[in-house]
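So the structure is just underneath, and the comments pick up after that.
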2 protein chains.
Amino acid sequence: MIVSTIMKLRKVLPMKFHKIPNETIQRLPMYLRVLQLLYKQGTNNISSLKLGEFLDVNSWQARKDFSYFGSFGTPGVGYDVKKLVRQISKILKLNVAQKVALIGLGNLGSAIQAYGGFNIYGFEVVAIFDIDPKKIGTKKNNIIVENVSRIKLLKNRKIDLSIVAVPSSAAQDVVDALVKAGVKGILNFAPCHLKTPKKVKIINIDIATDLACLPYYIPTARRQR
Amino acid sequence: MIVSTIMKLRKVLPMKFHKIPNETIQRLPMYLRVLQLLYKQGTNNISSLKLGEFLDVNSWQARKDFSYFGSFGTPGVGYDVKKLVRQISKILKLNVAQKVALIGLGNLGSAIQAYGGFNIYGFEVVAIFDIDPKKIGTKKNNIIVENVSRIKLLKNRKIDLSIVAVPSSAAQDVVDALVKAGVKGILNFAPCHLKTPKKVKIINIDIATDLACLPYYIPTARRQR
DNA sequence: TAATGTGAATTATTTCACAGCA
DNA sequence: TGCTGTGAAATAATTCACATTA
């Protein structure tokens with residue numbers, strides 16, 4: 001009720017005080033990725049139309065997404081690529097390097113560790129935990145694999161983020177430990193719903209679930225029974 | 001304009017003729033996963049409230065999701081778990097086993113191949129392709145790894161779905177080949193936007209992009225500059 | 001002239017509230 | 001009584017259209 005009143009008041013205020021759609025936040029990293037690539041290739045200026053073409057996003061969608069945070073472009077000219085990169089980085093709080101703890105060094109955990117795609121956003125895996133005694137103590141990319149029982153010691157290591165790549169059966173215990181250790185954001189790969197306090201943001205990636213949507217969209221399965 | 005008129009007409013028609021939200025489709029595999037688990041554990045009947053609790057979904061959300069497709073429950077009683085599993089499977093076209101081709105057997109591809117989570121939805125990886133001569137010809141889980149140049153031969157093998165786990169630089173070529181080979185649905189892990197004809201459904205999973213959203217939601221990064 | 005920025009309109013999705021059935 | 005199914009209301013997100021500015 002109060003929220004509703006605030007929302008109505010906000011309608012007379014400038015764009016930047018409107019509620020920001022979740023979808024907008026999810027698109028920002030994609031803009032950022034393309035813009036960084038463009039900058040590397042020597043493109044200094046780009047229009048919302050061109051930028052959108054790289055991502056299958058309409059020009060007005062891109063402009064509106066940015067407008068929630070301010071006016072970053074120049075009418076008649078477009079956006080300064082470098083400036084826009086800096087602005088989006090700041091919005092997403094990616095302007096400071098983000099330390100990440102990886103939990104689980106099985107097939108998926110190893111793949112994530114080897115994956116270089118995090119670097120462009122300033123993420124760095126600085127701690128790895130596993131439960132397998134054969135892995136504990138070994139080095140992976142100069143990081144010593146630690147026993148999951150040591151997750152609680154993260155408290156003193158200024159790590160806000162964690163990637164959970166353990167089996168579903170172990171996931172809730174791991175998440176509980178991470179929350180206790182002061183981790184504020186979790187990217188979870190276990191295909192199950194995990195309970196966290198409201199202050200801890202959790203984003204789930206469920207590969208099988210995403211795949212399971214595909215057949216629905218396929219006009220006619222080759223031989224439907 | 002015409003679409004808008006149809007939509008208005010639809011408002012007087014029963015629920016099942018309404019447009020089905022994409023979000024509903026994305027929730028169906030999650031209901032299915034929980035229901036299968038419950039059934040294995042001997043639960044034969046469940047209410048929308050209990051079902052929702054497992055997934056942090058409101059009871060009315062679950063009921064509305066199902067209502068787009070028909071009336072599967074019994075007022076005052078709830079849903080027959082086995083019956084609901086069968087209905088959702090049918091809606092998602094998961095009632096027939098789905099063959100999947102995996103492209104790319106690097107770190108991520110290997111992890112996907114080893115991941116058992118697909119089985120519950122009836123998926124089976126039946127073909128693997130890679131570009132590395134050292135991998136081509138070897139066996140992985142009884143499947144011979146083939147050269148990517150042979151993707152075009154998929155045409156005769158009744159495979160509708162594919163998982164793409166190759167570097168961004170190779171992804172568009174791979175997708176083009178898959179489209180030519182008659183693949184109808186693609187789950188893409190390469191962090192880039194890929195062009196496909198409208199009739200081919202593509203779902204993207206971008207791990208780094210999802211991670212990049214997390215810091216935004218964290219109240220205050222530990223030392224914001 | 002060529003682009004941005006943004007109110008307003010439209011469309012999509014969620015939430016509510018309750019009629020109706022076992 | 002307890003739970004489903006669903007119109008209607010509320011909320012959220014996208015799309016449009018255009019005033020505005022370099």
Side-chain angles (χ1 to χ4, degrees), chain A residues 1-28 31 43-53 55-81 83-84 87, chain B residues 1-28 31 43-53 55-81 83-84 87:
Chain A
M1 206 192 295
I2 292 164
V3 172
S4 160
T5 310
I6 292 169
M7 283 300 129
K8 267 165 204 161
L9 283 172
R10 276 186 178 164
K11 290 220 168 160
V12 285
L13 295 173
M15 203 62 214
K16 47 169 104 175
F17 295 105
H18 279 245
K19 192 190 160 295
I20 294 153
N22 261 311
E23 275 70 12
T24 291
I25 301 303
Q26 283 167 38
R27 277 188 294 266
L28 290 181
Y31 297 127
T43 308
N44 292 313
N45 190 277
I46 194 162
S47 69
S48 57
L49 187 72
K50 283 270 178 63
L51 174 60
E53 274 169 12
L55 294 161
D56 239 22
V57 165
N58 292 93
S59 63
W60 59 78
Q61 178 77 85
R63 290 203 303 276
K64 174 136 286 198
D65 284 339
F66 301 150
S67 77
Y68 287 109
F69 304 97
S71 303
F72 305 140
T74 312
V77 178
Y79 297 89
D80 181 272
V81 174
K83 196 175 143 192
L84 194 52
Q87 291 287 1
Chain B
M1 209 193 292
I2 293 163
V3 171
S4 159
T5 310
I6 292 170
M7 283 300 130
K8 267 163 203 162
L9 283 171
R10 276 186 177 160
K11 290 220 165 155
V12 286
L13 294 174
M15 204 61 215
K16 47 170 107 177
F17 295 105
H18 279 248
K19 191 192 160 295
I20 295 152
N22 260 313
E23 275 71 10
T24 291
I25 301 303
Q26 284 168 36
R27 278 188 294 267
L28 290 180
Y31 297 128
T43 309
N44 292 313
N45 190 276
I46 193 160
S47 68
S48 56
L49 187 71
K50 282 270 179 61
L51 174 60
E53 274 169 13
L55 295 162
D56 239 24
V57 165
N58 291 95
S59 63
W60 58 78
Q61 179 78 83
R63 291 203 301 279
K64 173 135 289 193
D65 282 339
F66 301 151
S67 77
Y68 287 110
F69 305 97
S71 302
F72 305 139
T74 312
V77 178
Y79 296 89
D80 182 90
V81 175
K83 196 175 141 191
L84 194 50
Q87 291 286 2

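Order of the sequence lines sets the chain letters (A, B, ...), proteins ahead of strands, with each chain counted from 1.
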side-chain hydrogen bond (donor to acceptor under 3.5 Å, both in side chains) partners of Asn58(A), counting only residues at least two apart:
none
The side chain of Lys19(A) lies closest to which of these nucleotides: dA12(D), dT13(C), dC3(D)?
dA12(D)
Distance in angstrom units between Asn45(A) CG and dT4(C) P, rounded:
9 Å
What are the residues of residues 72-79 of chain B, sorted by number, that bring a heavy atom to within less than 4.0 Å of DNA chain D?
Phe72(B), Gly73(B), Thr74(B), Pro75(B), Gly76(B), Val77(B), Gly78(B), Tyr79(B)
Atom pairs under 3.5 Å: protein N/O with N/O of nucleotides 14-17 of chain C:
| residue | atom | partner | partner atom | Å |
| --- | --- | --- | --- | --- |
| dT14(C) | OP1 | Arg27(B) | NH1 | 3.1 |
| dT14(C) | OP2 | Arg27(B) | NH2 | 2.9 |
| dT15(C) | O4 | Lys64(B) | NZ | 3.3 |

Taking atom C1' of dT6(C) as reference, at what distance in whole Å does atom CD1 of Ile20(A) sit?
15 Å
Residue set satisfying side chain to side chain contact (heavy atoms under 4.5 Å, CB included) with Ser59(B), at least two apart, ordered chain then number -> Ser48(B), Leu49(B), Arg63(B)
For a 4.5 angstrom cut-off between non-hydrogen side-chain atoms, does Thr24(A) reach Phe69(A)?
yes
Atom CZ of Phe66(A) to atom P of dT14(D): distance rounded to whole Å?
14 Å
Side chain to side chain contact (heavy atoms under 4.5 Å, CB included) partners for Lys83(B), two or more places apart
Asp80(B)
By salt bridge (charged side-chain N to carboxylate O under 4.0 Å, His left out) - contacts of Asp65(B) (at least two apart)
Arg27(B)
Sort and list the pairs that fulfil salt bridge (charged side-chain N to carboxylate O under 4.0 Å, His left out) and have at least one residue in residues 69-78 of chain A, not counting sequence neighbours.
none
Sequence-distant partners of Tyr79(B), ring-ring contact (aromatic ring centres under 6.0 Å, His included), two or more places apart
Phe66(B)
Could you tell me the separation between the CD1 atom of Ile25(A) and the P atom of dA13(D), rounded to a whole number of Å?
10 Å
What is the distance, rounded to the nearest whole Å, between atom NZ of Lys50(B) and atom P of dC3(D)?
8 Å
Could you check whether any side-chain heavy atom of Tyr31(A) comes within less than 4.5 Å of a side-chain heavy atom of Leu84(A), counting everything from C-beta outward?
no
With a non-hydrogen cut-off below 4.0 angstrom, is Ser59(A) in contact with a base, only sugar-phosphate, or nothing?
nothing
